[in-house]
Amino acid sequence: MSVQERKERERAGRERLIVATARELAEQQGWDAVTTRRLAERIEYSQPVLYSHFRGKREIIGAVALEGAAEMAGALRAATSATAGPRARVVALARAYLDFAADNPAVYDAMFQLDGGLAFAQEDTPEPLKDAFAALLETLGEVAGDDVHPALFTELFWASLHGLATLTRAGRLPPEDSELRVELLVDRLAVV
């Protein structure tokens with residue numbers, strides 16, 4: 001292994017450590033607790049080393065969001081591939097989405113609530129975000145209905161899931177009715 005390859009591997013390892021530490025700290029104490037000073041202390045590198053990887057907290061949030069988008073896409077595809085029939089796939093997709101949001105609140109916030117400097121629904125949208133949307137579209141596109149644009153239907157369904165996730169987490173919706181909400185959403189919006 002060349003010196004250059006070793007340095008690149010070490011750099012990639014530091015970046016993974018920074019992102020993992022930021023994510024862990026955010027999940028434990030919230031994003032307000034994630035500062036470059038605290039990250040530098042936790043990873044045992046100086047702040048200049050941290051800044052050599054990320055220009056600041058915004059870029060770190062963006063990195064966590066991209067990692068989370070890839071994980072969510074995997075979770076959605078795993079849930080839908082394990083079921084048969086369009087309705088069952090949509091229900092599995094909705095549950096997997098809501099479970100991901102509930103199980104990873106700081107990552108979910110990085111993806112959809114905080115400014116990570118990422119472009120959505122544009123040409124320069126990063127691939128992990130496009131893939132997460134594609135994971136929704138793969139299942140929802142088949143139940144959009146005649147004369148309904150699959151991507152627009154997916155956006156509407158996604159917005160509904162996001163609202164459910166956000167309102168439930170904020171304590172605005174009683175959690176005991178979450179399954180009924182999923183069933184109602186699927187039955188009223190999806191053509192299955």
Side-chain angles (χ1 to χ4, degrees), residues 5 7-43 45 47-81 92-141 150-151 154-166 169:
E5 290 171 329
K7 286 183 178 185
E8 287 175 12
R9 189 179 69 206
E10 289 172 356
R11 180 172 177 74
R14 280 192 306 271
E15 278 191 20
R16 284 190 303 275
L17 178 62
I18 293 166
V19 171
T21 304
R23 183 175 174 164
E24 178 183 310
L25 186 56
E27 290 292 0
Q28 291 171 352
Q29 299 176 31
W31 278 104
D32 287 343
V34 179
T35 64
T36 53
R37 173 181 280 194
R38 288 184 89 183
L39 285 174
E41 289 171 2
R42 284 209 174 186
I43 64 173
Y45 283 101
Q47 281 184 288
V49 168
L50 194 140
Y51 282 117
S52 74
H53 292 274
F54 299 98
R55 287 184 291 211
K57 183 176 176 178
R58 181 179 187 218
E59 284 189 5
I60 294 168
I61 290 169
V64 170
L66 293 176
E67 188 176 90
E71 291 172 11
M72 185 175 77
L76 297 177
R77 286 188 176 109
T80 57
S81 70
L93 175 106
R95 288 182 180 143
Y97 184 97
L98 295 171
D99 288 348
F100 181 87
D103 294 343
N104 304 282
V107 173
Y108 191 81
D109 285 349
M111 292 167 64
F112 301 120
Q113 303 289 97
L114 302 174
D115 179 10
L118 303 173
F120 282 80
Q122 298 174 18
E123 285 296 316
D124 60 340
T125 298
E127 197 55 43
L129 297 178
K130 288 180 182 180
D131 189 50
F133 185 77
L136 292 165
L137 181 61
E138 289 162 9
T139 295
L140 295 171
T154 300
E155 289 171 354
L156 178 65
F157 203 94
W158 172 29
S160 299
L161 290 174
H162 176 70
L164 289 174
T166 303
R169 187 167 127 207

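Taking CG of Leu50 as the start and CD1 of Ile43 as the end, the distance is 5.0 Å to the nearest 0.5 Å. A distance of 14.5 Å separates OG1 of Thr36 from CZ of Arg55, quoted to the nearest 0.5 Å. Residue Glu138 holds its CD atom at 7.0 Å from OG1 of Thr80, rounded to the nearest 0.5 Å. Rounded to the nearest 0.5 angstrom, Glu67 CD and Met72 CE are separated by 13.5 Å. Here the OG1-CG distance, from Thr21 to Leu39, works out to 6.5 Å after rounding to the nearest 0.5 Å.
Looking at Arg77 and Asp131, their side chains come closer than 4.5 Å, going by heavy atoms from C-beta outward.
Looking only at distances, no side-chain donor or acceptor of Gln113 sits under 3.5 Å from a matching main-chain atom of Tyr108. Looking only at distances, no side-chain donor or acceptor of Thr139 sits under 3.5 Å from a matching main-chain atom of Leu136. A donor-acceptor contact shorter than 3.5 Å links the side chain of Asn104 to the backbone of Phe100.
Residues Pro126 and Ala119 approach most closely at CD-O, 3.5 Å, considering heavy atoms. Residues Phe157 and Ala94 approach most closely at CE2-CB, 4.4 Å, considering heavy atoms. Shortest non-hydrogen contact noted between Trp31 and Ala106 is NE1-O, 2.8 Å. Pairing each heavy atom of Ala69 with each of Leu129, the nearest pair is CB-CD2, 3.8 Å. Contact record, Phe54 with Glu59: CA-OE1, 3.5 Å, taken as the closest heavy-atom pair. Gly62 and Leu118 get closest at one heavy-atom pair: O-CD1, 3.6 Å.
In the displayed structure, Arg38 atom CZ is contacted under 6.0 Å by more than 12 heavy atoms of other residues, nucleotides or ligands.
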- request: Walk me through it: do Leu76 and Tyr97 pass the test side-chain contact (heavy atoms from CB on, under 4.5 Å)?
  value: CA-CA 7 Å; Leu76 297 177; Tyr97 184 97; 4.0 Å; yes
- request: Go through the steps to decide whether Ile61 and Lys57 satisfy the test side-chain contact (heavy atoms from CB on, under 4.5 Å), and finish with yes or no.
  value: CA-CA 6 Å; Ile61 290 169; Lys57 183 176 176 178; 4.0 Å; yes
- request: List the steps, then state whether side-chain contact (heavy atoms from CB on, under 4.5 Å) holds for Thr125 with Phe133.
  value: CA-CA 11 Å; Thr125 298; Phe133 185 77; over 6 Å; no
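Applying the side chain to side chain contact (heavy atoms under 4.5 Å, CB included) rule to Glu123 yields no partners; only residues at least two apart in sequence or on another chain are considered.
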